[in-house]
Amino acid sequence: MPLIEGLVLFPGAGGTREHAILTALEDFLSPLPVMRHEFSYRREGKRVPPRAPKLVAELKAEQQAIADKLGCRPDRLVFGGRSMGGRVCSMAVAEGMPAAGLLLLSYPLHPPDKPDKLRVEHFADIKVPCLFVSGDNDPLGSREEFSRHLSQITGRVEAKFLDGGRHDPKSRAHVATINEVVKEWVMSSK
């Protein structure tokens, strides 16, 4: 894995940069630079996101400014976040955006109750290390569904499933596990 100099974390579609898991990760990973970032629709006060391709283009356009703000090279940053935020980052990296890796928390393999509408078409183009952390009761992707699709990614892939976790695991035990798993994964790059 390339050297990691920082993380950039995006919330899910309905969340903000203040989401409890994102703030907990920032605190826990200190002194590693962590930026909790929002897409422009949230900064503008809108609740409903535009389609993923527009968000991917926005991220790719902002990547250098984000890296400059953190004082890091773009290819030394891990991008990701919760649900849609992580998905958009994975799509941008699949399109060639430089990154040291992807942190995908509660990755939405498919919309609720639509397991046939998979969101994995870009997985084969991901060549960076990836860490997936999801609840084992997540209705947007089960452990079995992940096991069928993660092998499409050519970069190194690790997956952790939280016992009893749903799409937005909030218990202290889940947050503590997420913090530890992410820290261990990040530290393994140094």
Side-chain angles (χ1 to χ4, degrees), residues 1-2 4 7-15 19 21-22 25 37 39 49-60 63 75 77-170 174-175 177-186 188-189:
M1 185 181 324
I4 294 173
L7 275 78
V8 182
L9 302 175
F10 289 83
H19 189 280
I21 290 175
L22 303 184
L25 274 170
H37 197 65
F39 291 107
R51 292 229 174 265
K54 183 173 181 179
L55 297 174
V56 169
E58 178 182 325
L59 173 56
K60 289 168 70 176
Q63 185 200 28
D75 64 342
L77 291 172
V78 169
F79 284 84
R82 283 204 69 262
S83 195
M84 181 204 75
R87 177 176 172 241
V88 169
C89 292
S90 72
M91 293 170 73
V93 168
E95 289 183 10
M97 184 182 85
L102 288 167
L103 172 58
L104 305 166
L105 307 169
S106 299
Y107 184 89
L109 275 179
H110 53 73
D113 301 318
K114 296 181 181 177
D116 56 320
K117 303 257 188 226
L118 289 169
R119 295 168 169 158
V120 299
E121 60 283 343
H122 64 290
F123 276 15
D125 296 319
I126 297 174
K127 297 174 179 27
V128 300
C130 299
L131 174 62
F132 287 80
V133 183
S134 290
D136 66 357
N137 287 322
D138 189 335
L140 280 63
S142 69
R143 182 188 302 251
E144 294 76 24
E145 289 171 315
F146 275 102
S147 70
R148 286 195 300 268
H149 299 289
L150 293 185
S151 63
Q152 295 176 43
I153 297 172
T154 57
R156 182 177 58 122
V157 176
E158 294 180 42
K160 170 68 176 171
F161 295 92
L162 307 169
D163 292 336
R166 304 251 333 134
H167 188 62
D168 191 6
K170 295 180 182 174
H174 288 151
V175 173
T177 300
I178 292 168
N179 285 342
E180 290 293 343
V181 167
V182 171
K183 185 174 185 176
E184 181 179 319
W185 183 75
V186 169
S188 72
S189 73

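These numbers were taken from a predicted model, which means no experiment stands behind them.
Across all their heavy atoms, V93 and A99 have their closest contact at CG2-CB, 3.7 Å. Heavy-atom minimum distance, P169 versus I21: O-CD1, 3.1 Å. Annotation for A92 and V56: closest pair CA-CG1, 3.8 Å, computed over non-hydrogen atoms. For A100 against I4, the heavy-atom pair with the smallest separation is CB-CG1, 4.1 Å. Across every non-hydrogen atom of P108 and R87, the tightest pair is CG-CD, 4.1 Å.
Contacts of K60 classified as side-chain hydrogen bond (donor to acceptor under 3.5 Å, both in side chains), with partners at least two apart in sequence or in another chain: E95. E184 meets the salt bridge (Lys or Arg N to Asp or Glu O under 4.0 Å) test with no other residue; sequence neighbours excluded. In this view, H174 and S171 satisfy the side-chain hydrogen bond (donor to acceptor under 3.5 Å, both in side chains) rule, not counting sequence neighbours. Every residue was checked against the side-chain contact (heavy atoms from CB on, under 4.5 Å) condition with A57, not counting sequence neighbours, and none meets it. Under the side-chain hydrogen bond (donor to acceptor under 3.5 Å, both in side chains) criterion, E180 pairs with no residue, sequence neighbours left out. Considering only residues two or more places apart in sequence or on other chains, Q63 meets the side-chain hydrogen bond (donor to acceptor under 3.5 Å, both in side chains) condition with none of them. R82 is linked by a salt bridge (Lys or Arg N to Asp or Glu O under 4.0 Å) to D168, counting only residues two or more places apart in sequence or in another chain. Partners of Q152 by side-chain contact (heavy atoms from CB on, under 4.5 Å), not counting sequence neighbours, listed by chain and number: V120, F123, H149.
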Show me the donor-acceptor pairs, under 3.5 Å and distance only, between side chains in residues 131-141 and residues at least two apart or in other chains.
from	atom 1	to	atom 2	distance (Å)
D136	OD1	G164	N	2.7
D138	OD1	L140	N	2.8
D138	OD1	H167	ND1	3.1
D138	OD2	H167	ND1	2.8

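V181 is not listed as a side-chain neighbour of I178, based on a closest heavy-atom distance of 4.5 Å or more. Proximity of F39 to V88: side-chain heavy atoms (C-beta onward) are separated by under 4.5 Å at one or more points. Residues L25 and L105 meet the side-chain proximity criterion, which asks for heavy atoms closer than 4.5 Å. You'll find the side chain of H19 stays beyond 4.5 Å of the side chain of S83, heavy atoms only. Considering only heavy atoms from C-beta on, P129 comes within 4.5 Å of W185 through its side chain.
Listed by first then second residue, pairs satisfying salt bridge (charged side-chain N to carboxylate O under 4.0 Å, His left out) with a partner in residues 100-109 number zero, not counting sequence neighbours. Pairs of residues two or more places apart, or lying in two chains, that qualify as side chain to side chain donor-acceptor pair (under 3.5 Å) and include a residue from residues 49-58 are S40-E58. Within the structure, side chain to side chain donor-acceptor pair (under 3.5 Å) contacts touching residues 108-118 (residues at least two apart or in different chains) are H110-E145.
In this structure, T154 contributes its side chain and D125 its backbone to no donor-acceptor pair below 3.5 Å.
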Legend entry - Test side-chain contact (heavy atoms from CB on, under 4.5 Å) applied to L55 and F10, step by step: CA-CA 11 Å; L55 297 174; F10 289 83; over 6 Å; no
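The line from OG of S142 to CZ of F161 is 8.0 Å long, rounded to the nearest 0.5 Å.
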